[in-house]
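What follows is one structure encoded as structure tokens, with my remarks underneath.
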Protein chains: 2
Amino acid sequence: MTRPGSSSPFVSDVPAAAAVSAWLDACREAGCPDRLDPVRVPVGDALGRVTAEPVWATRSSPAADLAAMDGIAVRSVETHGASPTTPKLLAPGQYVVVDTGDPAPDGFDAVVMREHVHYEGEAAEIMAAVPPYQHVRSIGEDVSAGELLLPEGHRMRPVDIASAAAAGAIDVVVRRRPRVAVIPTGDEIVAVGSEPEHGEILDTNSMMLVAQAKEAGCEAWATEIEPDDVERIGAAVRAAAAEADLVVVVAGSSAGRDDYTAGVVADLGVLAVHGVAVRPGHPVVLGVVGKTPVIGCPGYPVSAALTFDIFAAPLLAGLEGVAPSRRPSVRARLARKLPSVVGMDDWVRVRLGAVHGEVVASPLPRGAGVLTSLVRADGLLRVPAGVEGHHAGEEVSVELLRALPEVERTIVAIGSHDLVLDLAASALRAADPTLSLVSTNVGSLGGLVAVRDGLCHVAGSHLLHPATGKYTLPYLEEMMPGRDLAVVRLVHREQGLIVPPGNPRGVTGLADLAGGRLSYVNRQRGAGTRMLLDHELSRLGVDPGEVQGYAREEPTHLAVAAAVAAGRADCGLGILAAARAFGLDFVPVAKEPYDLVLDVATLDDPLLAPLWALLAAPGFHDSIGALGGYDTTESGARIR
Amino acid sequence: MTRPGSSSPFVSDVPAAAAVSAWLDACREAGCPDRLDPVRVPVGDALGRVTAEPVWATRSSPAADLAAMDGIAVRSVETHGASPTTPKLLAPGQYVVVDTGDPAPDGFDAVVMREHVHYEGEAAEIMAAVPPYQHVRSIGEDVSAGELLLPEGHRMRPVDIASAAAAGAIDVVVRRRPRVAVIPTGDEIVAVGSEPEHGEILDTNSMMLVAQAKEAGCEAWATEIEPDDVERIGAAVRAAAAEADLVVVVAGSSAGRDDYTAGVVADLGVLAVHGVAVRPGHPVVLGVVGKTPVIGCPGYPVSAALTFDIFAAPLLAGLEGVAPSRRPSVRARLARKLPSVVGMDDWVRVRLGAVHGEVVASPLPRGAGVLTSLVRADGLLRVPAGVEGHHAGEEVSVELLRALPEVERTIVAIGSHDLVLDLAASALRAADPTLSLVSTNVGSLGGLVAVRDGLCHVAGSHLLHPATGKYTLPYLEEMMPGRDLAVVRLVHREQGLIVPPGNPRGVTGLADLAGGRLSYVNRQRGAGTRMLLDHELSRLGVDPGEVQGYAREEPTHLAVAAAVAAGRADCGLGILAAARAFGLDFVPVAKEPYDLVLDVATLDDPLLAPLWALLAAPGFHDSIGALGGYDTTESGARIR
């Protein structure tokens with residue numbers, strides 16, 4: 001199953017640091033430039049560019065002694081003897097009216113502020129003697145000719161270009177911008193903007209990689225999408241290598257049937273590394289074609305993004321002669337146990353929130369295909385290859401993707417998933433862009449555990465207590481006896497069976513699940529909806545073992561609806577809004593309360609005040625109503 | 001001295017927060033928009049733009065169940081019973097070869113990794129039963145149709161645009177980019193690129209402000225430079241207000257002879273604030289013309305930069321509906337006493353370094369005209385209006401302008417100024433872009449105090465000890481008896497009198513200063529060069545009181561040379577390289593050693609290893625030699 005030019009059918013596990021140095025060695029041996037050529041640009045165009053030589057001042061600033069105040073320029077010797085009791089009159093010629101920034105006239109060596117001058121006709125009366133150079137900015141106060149203003153390897157900011165211009169620079173010598181070509185490959189890949197057919201995948205990776213390169217200060221472009229054809233991919237790599245300073249080939253970096261990147265690189269140049277001990281991102285290709293470094297990056301979007309971060313960004317910074325930008329990090333307490341594979345650097349995306357004065361990190365889904373985990377991440381937690389993982393509550397260091405002050409303005413909701421929380425997040429943000437509400441969906445029970453452990457501000461719960469038939473409240477006594485907890489009603493909502501449009505199997509209720517007649521898609525253990533299902537099945541005398549698909553678990557209402565929409569199941573229990581989102585039909589089963597659980601002390605946290613105000617706003621009730629299947633009569637009421 | 005349209009000849013001291021809210025109130029009353037209009041852009045062009053409405057997923061990703069591994073797709077029920085002892089053969093049709101990302105064929109619900117498949121002819125042999133959905137990525141695993149992907153008010157990053165595209169977005173609704181017009185004013189202002197004549201000032205401010213606006217994501221441009229003409233400035237403001245979302249008028253914001261901004265704004269619209277209690281930046285104008293906010297910002301470059309930061313940036317973020325970006329901050333120990341005026345927020349630029357494991361902040365020059373203080377700053381320290389200042393060693397909170405990891409890669413040199421340190425800084429940076437050497441020039445004595453107090457890694461010193469005629473070493477015994485200190489020779493260098501080209505006054509040496517025959521420019525107390533002067537004058541029997549200009553102090557060799565070059569003094573004591581930088585002549589006076597003083601423990605700090613390697617490199621000795629006036633025979637030698 002190997003194909004021409006491939007060095008090995010399987011990928012190796014080279015540690016990331018070793019992979020980088022093997023790659024850079026190969027680039028050096030192939031004669032790749034260490035730094036890009038210097039170019040001369042007008043100083044006004046140098047924003048964001050990196051100096052290729054030091055910038056020395058060729059002109060002092062100010063270039064002459066200047067008045068530092070509005071007032072009159074005087075000769076200090078002529079003020080000697082002036083005092084409030086013996087004011088001195090200066091005749092025109094003995095003083096010159098100056099404004100801030102005016103050059104001190106020849107021979108005039110001090111300035112008296114206008115507030116301290118009175119005019120007697122044409123004469124200026126002063127009440128105090130002044131020392132030489134009072135309120136005078138000396139020549140070179142800012143910068144003297146000959147001074148080093150900026151070192152080589154400095155990325156120019158607005159103050160730098162202004163300062164360089166003031167110190168005499170008309171243009172500056174900077175590195176050429178790195179050029180990055182991204183080559184999307186794959187028979188199944190279609191351009192963004194087209195409507196993908198079954199089995200086709202949108203080329204979002206090259207859009208992302210081009211954007212990452214642009215953010216890093218590069219010129220970047222994506223080429224045409226190449227099919228899985230070794231000749232065409234080879235030709236595309238050769239052509240791109242002639243144009244660019246870095247070529248990124250997207251997908252085909254593993255060792256499967258249609259994975260040509262490693263072979264193409266080995267054929268055209270040097271394959272330095274195939275496979276690094278990084279997760280996600282493992283099947284990475286690092287090589288060089290001609291004098292151009294080439295990266296083959298996996299098609300999983302999280303892998304692609306991290307491959308750029310870990311391998312491309314430092315190389316590009318090196319070509320510009322600047323240190324790779326490093327994200328600040330923060331110490332955080334891990335919200336739950338985090339296992340990790342030994343032997344791989346594991347890059348875990350986490351959500352952060354400041355709860356009760358402590359930063360808490362909640363790991364997000366770890367699949368390489370879950371790009372939304374990176375969208376939603378506030379930070380990256382690297383579990384090094386030698387570490388087996390972390391236990392819950394352990395303090396870890398997290399690289400920040402969002403600034404800490406923003407993290408601190410985040411209402412952390414952990415628990416059951418409901419669209420009303422999404423709606424609230426959006427409404428709060430629209431009213432105050434500094435405020436976020438992020439909800440992590442771990443089911444009602446997981447939410448209550450998070451409240452217990454101080455890991456969230458609020459937990460969304462709709463957990464049926466089978467013994468009492470009540471929701472949520474009985475669990476609080478059982479799990480946190482004596483704890484001072486508040487419960488705020490969010491909504492009542494309708495749960496029901498989500499079925500295909502027109503209800504082709506004629507589903508009438510949960511009783512129809514008996515005997516495996518219908519295929520079902522389930523929610524995970526600990527989810528309120530799962531609890532409702534189990535309760536109802538038991539009430540109806542249906543054994544879960546009879547239910548076809550009972551073992552297939554999905555984490556949200558929307559994922560259940562998606563499974564039904566895709567024809568993978570005949571029905572699944574969920575909320576009306578999820579059915580509507582997919583244009584599906586809905587067979588009502590039960591109406592249930594969905595509540596927010598929190599510590600009583602958290603009620604008065606100013607961070608949450610806008611949430612309570614929102615829940616009381618009639619306009620927001622209307623928006624909830626528009627989703628369908630909700631009853632807002634009690635929304636915002638404190639029920640405990 | 002007031003002029004038409006001016007509301008008051010003097011500026012007030014409105015606290016910054018009150019100024020902002022008065023300004024925003026005036027904008028609201030004038031009907032300025034809260035948010036800019038939404039526009040629809042292709043998702044690939046949305047990088048850096050702010051969402052004007054939430055982005056909901058309209059398509060699930062993946063849109064079908066996909067193979068998550070390379071291998072074969074199977075029906076899980078057909079694998080039941082397979083084990084290492086009872087392998088099972090699947091005929092073609094019972095399995096389909098799939099690569100990662102391929103859709104699972106209809107009816108096939110699991111994938112077996114290729115590593116676990118052996119082929120017997122056409123049949124595939126498997127050694128284990130697999131559960132349903134093994135190695136299958138479910139439809140919607142990344143995102144389900146109907147899910148909220150991005151809230152309103154979110155600035156799009158590369159992962160966001162890729163994720164939005166994957167979730168079905170072809171274009172997204174974002175805010176129009178804010179438009180910022182900058183109007184430079186002043187009779188003395190000339191465009192960058194022209195050669196300024198005496199009294200003319202380069203228009204570096206509008207270059208900087210335009211760059212600041214572009215960095216903030218705006219479209220920005222500078223108009224023509226307007227002379228100090230109230231009619232013309234008024235016409236320019238009116239025209240710009242019709243085009244832009246924010247107009248910034250540069251200079252003329254105070255209440256001097258040619259300060260028209262406040263009057264123009266009051267005439268054309270509403271003058272909300274004239275003067276805020278912020279230093280630098282005090283004479284700021286905040287108003288509104290038509291429906292466009294207008295800022296009048298001071299001409300001092302540091303004031304201009306901070307005015308943008310404090311007033312323009314938050315307004316522009318608000319127009320885009322996003323939280324103003326906030327810089328991370330760090331706790332640092334103050335290197336010296338920092339007095340501050342009560343009643344003004346004082347924005348002090350500081351250098352930062354990590355010395356002996358602690359972040360140390362050294363205040364930079366505080367003049368509003370010293371733009372290099374902002375260029376060199378690693379952080380901003382705000383001393384609030386109510387605080388009188390801080391004592392040395394006090395812990396303060398500093399807003400970071402440079403990332404902390406970079407600060408930690410900084411060799412901190414405090415002490416005497418020498419160009420060789422500048423040269424070393426540049427060479428170290430060129431070899432390793434992550435490494436900085438920053439030197440703060442406080443004179444030799446100040447450097448030794450900084451070593452004593454643990455505020456720097458090395459101190460540059462050339463301090464003559466008059467009693468012994470030795471340099472530096474005797475002071476170490478006096479100031480830090482018993483301390484384990486090392487001294488590394490940097491260079492020997494020539495000190496002499498810097499005189500105009502051709503030495504028109506025929507200066508022969510320091511004896512010529514007697515009797516006030518020549519005007520002199522001096523260095524500050526504590527500088528080694530000042531010590532040398534005083535020592536030599538005393539040896540020659542010249543009373544400092546006789547020396548004309550003895551009281552005029554400059555902080556560096558280059559500043560002394562600049563003063564001589566400007567004709568403000570006949571001579572000044574300094575190094576040959578400074579004379580050369582200005583094309584001046586030089587009358588040798590003495591050859592002196594210039595040394596680096598440090599704790600012995602610091603010698604082995606890995607951070608400093610590249611510095612010691614550099615001082616030993618012959619190529620670097622050649623570069624020093626090219627400066628002129630240096631002897632590198634002992635460079636790099638440890639002399640204590």
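Model, not experiment: these values are computed from the prediction. Chain identifiers are assigned alphabetically (A, B, ...) following the order of the sequence lines, protein sequences preceding nucleic acid strands; residue numbering begins at 1 within each chain.
Only the side chain of B:Tyr300 comes within less than 4.5 Å of a heavy atom in chain A; its backbone stays farther off. In this structure, chain A has heavy atoms under 4.5 Å from both the backbone and the side chain of B:Ala145. For a residue to count as touching a neighbouring chain, one of its non-hydrogen atoms must lie under 4.5 Å from one of that chain's; by this rule B:Leu47 touches chain A with the side chain only. With a 4.5 angstrom heavy-atom cutoff, A:Ala68 touches chain B via backbone and side-chain atoms both. With a threshold of 4.5 angstrom between heavy atoms, B:Arg580 does not approach chain A through any atom at all. Contacts of B:Ala559 with chain A are made by both backbone and side-chain atoms, with heavy-atom separations under 4.5 Å. Using a 4.5 Å cut-off between heavy atoms, B:Ile161 contacts chain A through both its backbone and its side chain. Contacts of B:Leu419 with chain A are made by side-chain atoms alone, with heavy-atom separations under 4.5 Å and no backbone atom involved.
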Chi angles and distances behind the side chain to side chain donor-acceptor pair (under 3.5 Å) call for A:Ser138, B:Arg568: CA-CA 10 Å; A:Ser138 302; B:Arg568 221 169 53 211; 4.6 Å; no
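Sorted by first and then second residue, the salt bridge (Lys or Arg N to Asp or Glu O under 4.0 Å) pairs involving residues 160-169 of chain B (not counting sequence neighbours) are B:Arg157-B:Asp160.
In terms of non-hydrogen atom pairs under 4.5 Å with chain A, the most contact-rich of B:Pro555, B:Gly369, B:Gly146, B:Pro158 is B:Pro158.
Residues that satisfy the side-chain contact (heavy atoms from CB on, under 4.5 Å) test with B:Ala431, not counting sequence neighbours, are absent from this structure.
Without hydrogens or angle criteria, B:Arg429 side chain to A:Gly153 main chain gives a donor-acceptor distance under 3.5 Å. Panel note: side chain B:Thr372, backbone A:Asp142; a donor-acceptor pair is recorded below 3.5 Å.
Under the 4.0 Å criterion applied to side-chain N and carboxylate O atoms, A:Arg327 and B:Glu406 are not assigned as salt-bridge partners.
Proximity of A:Val43 to B:Met207: side-chain heavy atoms (C-beta onward) are separated by under 4.5 Å at one or more points. A:Leu423 has its side chain out of reach of B:Leu148: every pair of non-hydrogen atoms, C-beta onward, lies at least 4.5 Å apart.
Heavy-atom neighbours of B:Arg326 CZ from other residues, nucleotides or ligands within 6.0 Å: at or below the threshold of 12.
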